[in-house]
Structure formats: structure tokens, C-alpha cells
Amino acid sequence: SLEVNLEDGGNVLYLNKQSSASFLSPPRIKDEPDEDGYYASPKEDSKPLKRPREEDDEDYKPKKIKTEDIKKSKKRKQEEEENGVLVVSCRTMKANLWEEERYPEGIKWKFLEHKGPVFAPPYEPLPENVKFYYDGKVMKLSPKAEEVATFFAKMLDHEYTTKDIFRKNFFKDWRKEMTSEEKSTITNLSKCDFTQMSQYFKAQSEARKQMSKEEKQKIKEENERLLKEYGFCIMDNHKERIANFKIEPPGLFRGRGNHPKMGMLKRRIMPEDIIINCSKDSKVPPPPPGHKWKEVRHDNKVTWLVSWTENIQGSIKYIMLNPSSRIKGEKDWQKYETARRLKKCVDKIRNQYREDWKSKEMKVRQRAVALYFIDKLALRAGNEKEEGETADTVGCCSLRVEHINLHPELDGQEYMVEFDFLGKDSIRYYNKVPVEKRVFKNLQLFMENKQPEDDLFDRLNTSILNKHLQDLMEGLTAKVFRTYNASITLQQQLKELTTPDDNIPAKILSYNRANRAVAILCNHQRAPPKTFEKSMMNLQTKIDAKKDQLADARRELKSAKADAKVRRDEKSKKTVESKKKAVQRIEEQLMKLEVQATDREENKQIALGTSKLNYLDPRISVAWCKKWGIPVEKIYNKTQREKFAWAIDMAEDDYEF
Ligand SMILES: *[C@@H]1O[C@H](CO)[C@@H](O)[C@H](O)[C@H]1NC(C)=O
Ligand SMILES: *[C@@H]1O[C@H](CO)[C@@H](O)[C@H](O)[C@H]1NC(C)=O
Ligand SMILES: *[C@@H]1O[C@H](CO)[C@@H](O)[C@H](O)[C@H]1NC(C)=O
Ligand SMILES: *[C@@H]1O[C@H](CO)[C@@H](O)[C@H](O)[C@H]1NC(C)=O
Ligand SMILES: CC(=O)N[C@H]1CO[C@H](CO)[C@@H](O)[C@@H]1O
């Protein structure tokens, strides 16, 4: 029997328990002969997997990519040099990547020395005149209880503090910090009045904004001192920047979305929580006076310098090197080299999975359809949850029947699959895509006799899929498909969208458009920033003012011209020239503003950062900049330039992904 759900305009078909897939097929294809045997059920080769909820594919560590690639590149460089091809100078990162001594598999360093972390400043009690009230009466809190109360007070204007879960978690953890007397008095959070505290912190942050130049300079100097002392380590023969040498201060956990742990107390990290990693022959950093490290170890198979376990999720936190460091840069470089290898064998892989759609084994068919989704839709393999994240997010392998709807025909297209599920970071993935007939039919088959909450791919899990990917190509993971597709798409888009005669702002607009095409592909959407409307309005005001200015300038030019016609002297000729220039200049400024507005509007709901940082081979962008004479600063900010230092050094203007 067939149930038609009319709520969605009658478009969506839900199968009930007994329904068979063939009901769903449109008459046109229903009775078609099955030329390849794919319409009949494949062999029941195995029972559906019993599996725990999905694991993270980040955890899946493919075999390392080896030095051969590096050597090959080096050889190619050499050949080019010998053939008289101009080779740009090798600077730091390049030199590091190619020339440096390689260590045996798994060894990350031989010497490591650093100063340990910088701890959050100790708690400073509130001044006497800042009062806390309980049930209308002033109450002096003990230092520990007061500290935790200030965390809440600082967030008072935030929506979080109105959320039930947040309040409940906070109150529970806060009570743990109270004296027994406080505990017996303070029993109802709604009776707590944090207003004075909140006002005090607001006044403080206001005061910080009003600081004098000298005071600001002092803070800056102190930060620079800390950076100089703690911000660098010696790893082998290099002085490297450390990414996050300051430990986060305590506070209340926020979490993304409706995280069940929001509001819980994020404890202060003490030296006794800290594991130090450094080499045996280095100077071990001394713990702060009166304290001890939890442990000092000498593990050169890892790249972290300091680690501890945070109390909310129980996850391990690390202090690592800056992305610009040799180790990070090399990893990044390898990632894109892997994606470039995929480019060479992707056709073969595609042919293979298309064959597998017809397999006699259910397992193989499911794998092949999943692979098709990963390739075509850039879906993630498993659900990469944030550590401890409990939201119901899924990836390709963990898709459930309820996450897709099949439409034999929709929007004038055949074999449409409608996806609707929460992906990584609880971002909704909604997409309607036409798929190949075989994929469609297989999906019907996979959904047969299943409940909405059943697994779509019941004979597949992330490890099986990842293992298969490894067999197809060394180092291949679902992510590599994304990286490959994103990078190649960027390259194509840049070629298509860049107009040689455009000026720099227009070229940058094209670059951003190419970037957006990729971000859309990767589903990197975002809610429009809160400040969006306001900043758009400001920009519009500027544009309007510029237009008025232009009109004035044009009027002046016109009258100068009229004047020159009458007088016909050198002076009025010069005036016309300068008025002409003024008009041109204002026109350019106006255009720049208009381009900016277009860019911002188009960017409203797209987060460019993620793909820029994680999926796009930076050499493509750098090469584009070099080719068109665009300063790299226009497309990468400082952080990004540090991360991509290796690419900025390496890529030439004709680099091809
Ligand atoms: C995935 O399935 C395979 C085969 O049944 C099994 O050996 C493996 O433990 C499963 N992995 C996970 C993480 O469930
Ligand atoms: C907590 O205090 C609020 C405000 O005074 C009150 O409305 C609420 O009923 C109290 N809750 C309990 C459980 O006493
Ligand atoms: C990249 O993904 C898109 C979206 O599925 C697809 O249309 C395109 O063909 C892919 N490009 C390559 C080169 O794989
Ligand atoms: C650079 O841009 C990224 C977003 O891609 C942002 O997170 C970072 O703070 C920016 N850094 C600087 C120095 O502006
Ligand atoms: C993972 C780990 O703990 N590795 C090493 C850390 O350092 C100690 C002390 O040198 C070693 O015993 C561990 O094997």
C-alpha cells in the first residue's frame, strides 16, 4: 500500500512498512525489463551490520605519504633547472620541504625545547561596592562562588542565560563551588540578581575602549613579551611559532546549537593538569612556583608540546605549532598532493563504482552508491562529530531512510533524491539532486521494508568504506574527494570568471565568486551575520554620498568645459583636465564601493573561510595572484598567509592543480 503525504504539497511520498519499492517507481520505468540484473534484489550476502553509532573519519589514519613524492618533485625541479627553465628562488618553506633530512617513519623531531604554557591570570575578587543580591537581599559570596557567579554575570545579556539547559547546568556546577552556608541559602537561580556585577563588567570593558595610548602601548608590550618568551619553541634546527600557548581562562561552556552541556563550568587549568612533552636533552620548562606538572614525557612521535584534559567533554587539548611551521606546512602540502593524485585516477574509480551498482552483492552496491554520493555531493563519510557532541548529526554512511526522499520526477527532472539531514556542526544539509537511474533504483531497494529510523546503508559503516577507499588509492579518504573537487572547481572557475581587462577590484570580485561557487558545493553556509543589514546600510550610505559627489564633479566638469570654449586659454584647458581627472577618480571609487557591496551581498549566507582554509589548494590562488599581478594580501589575511607560507613560496604563476 502506498501513502501519499500531502503536507508538502503532495510531492513527498512516504512508504509505509509493507510497501515495496516498485510501488514508488513511475509507470514508465516500472515494467521495463531489467537489462543488467540490477532490478532484482541482489544476493543477501550478509546480515545488516550491528554497529555502534558512527565514528569519526578524522580518526581514520591512512598510511603516510612518503618521501618519494617529495623526491620526485625535487627531481622535476632539478630537471627544469637543467633545461634552463626559470626557477624562482627557494626560500624557507620550500627549502624545508625538499632539502631537509627526513626522519624514519613516525618520528616527528629529534630535539624539542619550549617554555610550557601561559596560564590564565588568577581571579581578581570584585570590589566591595559591587553587590550580589539573593532574593532581594545583599549577600557576600565566598571567592570561589563569586568567581563562578562572574562568569554568569558576564553573559547576562546573552540569550544563553535564558535557556533552561544552560541555567540548569550552570546552577548545578555553581553550587559545587559554594560553601555549605551559601548552598543552603541559594537554592533558586531566578532569585539571584547579578545586575551589579554585569554593570561592573560592562563599565570595565567600556573603560578598556577608552584607554589612553600609553596604557594600550603597555598592554601591547606585555603581550609581545609573553609572545617572545613563550610563543616560540626550538624544534630541531628551527625556531617555530607556537599556535596557542595561552591556556583559555575558566568560564561557562557554550557549545554549538543546543548542546546538552551548555552552561557547565569549564574549570581553570592548573599546572597539575598539564603534561609537558619535550626532548630528553632539552631544558624542561619549570612549573610555576609551588606547583608540579602532572607529567613530563619525551615522545617524538607526536607534535604537541603540552596537553591536558578538559573537564566538559573529557577531550584532550593540545598546544601545537603554528600552521606556518615546517611540520604543519608539510602536512598541508601532502594533503593537496594526495588530492592531485586522485585527479589522475578518479575516472577509473568512477567507472568502478558504476559497475558496482550492478553487483550481485548488496554490500558492494551500497558501498558503490555511498561512494557516488561522496564523489558527487561531497558528503562526508561518517559523521565527524565534535568530540563529545551529542547532536544527531550524520554523514554518508550513517544516513537513515528518513533523511532522503525519492522522487521519480520532480521539478521537471527525473530520478530526484531529496536530502535533508544535519551534517557536521549541526548544519542542515538540504539538497535536491538528480541521480542516475541505477542509483535511484538501488536506493529504492535499500529502503524497502525499512522504518524511517533504519539505516539506509545497513551493510556499510565508515570503516568499511574507508578501507575500500584505501584499496582504490593509497591515502584516499572521503575528504580527498572534497579537496580534489573543491580545488579543481576553484581552478576552473577562476579560469572562467577572470577577465584579463578587469581592474584589480573586479578581478578580486571574480576570485570571491569562484570561491563562493566552491563554498556552495561544500555546503559551507552560514546564517547572515547579525551585523549584516547595518554594514550594508553603511555601505549604501557611502555609495549614495559618492554618487552625489560624482554628480557634482560632473557638473563642475561641464561648466569648466563651457568656460573653456569661451575663453580658449591655457588655464581653462588645465582646469578641464583636472576636473576630468577628478571625475575619473570618483568613478573609480564608486565602482570599488559597488563591487564591495555586490561582494558582501553575495557573501551573505556563505562562509568562505572553511573551504579557503581546508579544501582549496592554496597554490591555485597564489598562482592566480601572481599571474594577474594581484597582491596576495588581497585574498589571504595575515593568519592565512602564515598558514600558506609554503604555497606562497612555492607556486609559480602557471601552477596547475
Ligand atoms: C564495521 O563493520 C565491520 C564488518 O562488520 C566490523 O568489523 C567493524 O568493527 C565495524 N566498525 C565499526 C566502527 O562499527
Ligand atoms: C524561583 O524563584 C522565582 C522568582 O522568585 C519563582 O517564580 C519560582 O517559583 C521559584 N522556583 C522555585 C522552585 O521555588
Ligand atoms: C564536483 O562536484 C560537482 C557537484 O557534484 C560536480 O557537478 C562536478 O562534476 C564535480 N567536479 C569534478 C571535477 O569532479
Ligand atoms: C583571517 O581570516 C580568518 C577567517 O578565514 C579569521 O578567522 C582570522 O581571524 C583572520 N585573521 C586576521 C589576522 O585577520
Ligand atoms: C604516547 C606516549 O606516552 N608516548 C611516550 C611518551 O613519553 C614516555 C616517556 O618517554 C614514553 O614512555 C611513552 O611511550
Side-chain angles (χ1 to χ4, degrees), residues 44-61 133-137 139 161-162 164 167-168 170-172 174-175 183-195 223 227 231 241 243-244 322-324 332 361-364 366-367 370 380-385 394-399 425 455 457-471 477-478 486 490 508 511-512 515-516 518-519 522 524-526 529 599-600 603 606-616 618 621 632-645 648:
E44 288 290 326
D45 44 85
S46 58
K47 288 262 175 282
L49 299 177
K50 284 273 176 286
R51 56 179 149 168
R53 275 283 146 218
E54 285 294 313
E55 67 292 337
D56 188 328
D57 94 354
E58 300 270 346
D59 287 344
Y60 187 77
K61 298 255 163 23
Y133 295 86
Y134 185 72
D135 206 7
K137 290 190 262 314
M139 188 174 169
T161 57
T162 63
D164 279 344
R167 295 174 67 86
K168 212 175 121 232
F170 162 72
F171 198 50
K172 194 170 156 212
W174 186 28
R175 283 174 60 79
K183 230 190 237 173
S184 63
T185 312
I186 304 174
T187 53
N188 183 346
L189 182 57
S190 302
K191 292 190 171 152
C192 296
D193 181 355
F194 301 94
T195 328
N223 281 336
L227 175 67
R241 254 305 276 284
N244 51 336
N322 215 39
S324 65
D332 216 30
E361 280 186 83
M362 189 64 151
K363 185 169 77 186
V364 175
Q366 290 194 354
R367 197 178 68 193
R380 295 180 165 88
N383 48 339
E384 300 158 26
K385 289 190 186 187
V394 295
C396 187
C397 289
S398 46
L399 280 173
D425 296 340
D455 288 315
F457 300 117
D458 51 60
R459 280 158 178 81
L460 195 62
N461 65 25
T462 314
S463 0
I464 297 176
L465 186 65
N466 278 331
K467 166 81 177 52
H468 179 61
L469 292 172
Q470 280 300 293
D471 294 342
T477 61
L490 177 72
I508 292 169
Y511 176 82
N512 288 343
N515 226 252
R516 278 192 282 274
V518 177
C522 298
H524 289 146
Q525 284 155 6
R526 64 169 183 193
D599 202 26
R600 214 176 277 179
N603 219 23
I606 296 164
L608 290 185
T610 317
S611 47
K612 221 176 194 177
L613 280 181
N614 300 310
Y615 296 111
L616 298 175
S621 298
V632 170
E633 298 78 53
K634 297 275 185 203
I635 59 162
Y636 289 140
N637 70 20
K638 188 156 172 287
T639 333
Q640 292 162 341
R641 288 200 300 281
E642 276 179 13
K643 180 174 160 77
F644 298 138
I648 293 172

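Just so you know, ligand 1 is whichever comes first in the structure, and atom 1 is the first atom listed for that ligand.
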Practice task
Work out which heavy atom in A486 is nearest to a heavy atom in L616; give both atom names and the distance.
Solution key: O-CD2, 3.3 Å

Would you find a donor on one side and an acceptor on the other, under 3.5 Å apart, between the side chain of [X] and the backbone of [Y]?
X	Y	answer
Y636	E642	no
Q366	K363	no
R367	R459	no
Y615	A519	no

Problem - Element-labelled atoms of ligand 2 that are located less than 4.0 Å from some non-hydrogen atom of K191 - result: 2 (O), 5 (O)

Completion exercise
The atoms of ligand 2 lying under 4.0 Å from a heavy atom of N188, numbered in the order shown, are 1 (C), 2 (O), 3 (C), 8 (C), 10 (C), 11 (N), 12 (C), 14 (O)

Handout entry: D332: partners by side chain to side chain contact (heavy atoms under 4.5 Å, CB included), with sequence neighbours left out
Key = K335, Y336, K643, F644, W646

Practice task
Quick one: look at I464 and ligand 1, take heavy-atom pairs under 4.0 Å, and tell me if it's side chain, backbone, both or neither.
Solution key: side chain

Practice task
Mind jotting down which protein residues get a heavy-atom contact under 4.0 Å with ligand 4? Chain and number order, please.
Solution key: G609, N637, T639, Q640

Problem - Parallel, tilted or perpendicular: ring planes of W174 versus F194, cut at 30 and 60 degrees - result: tilted

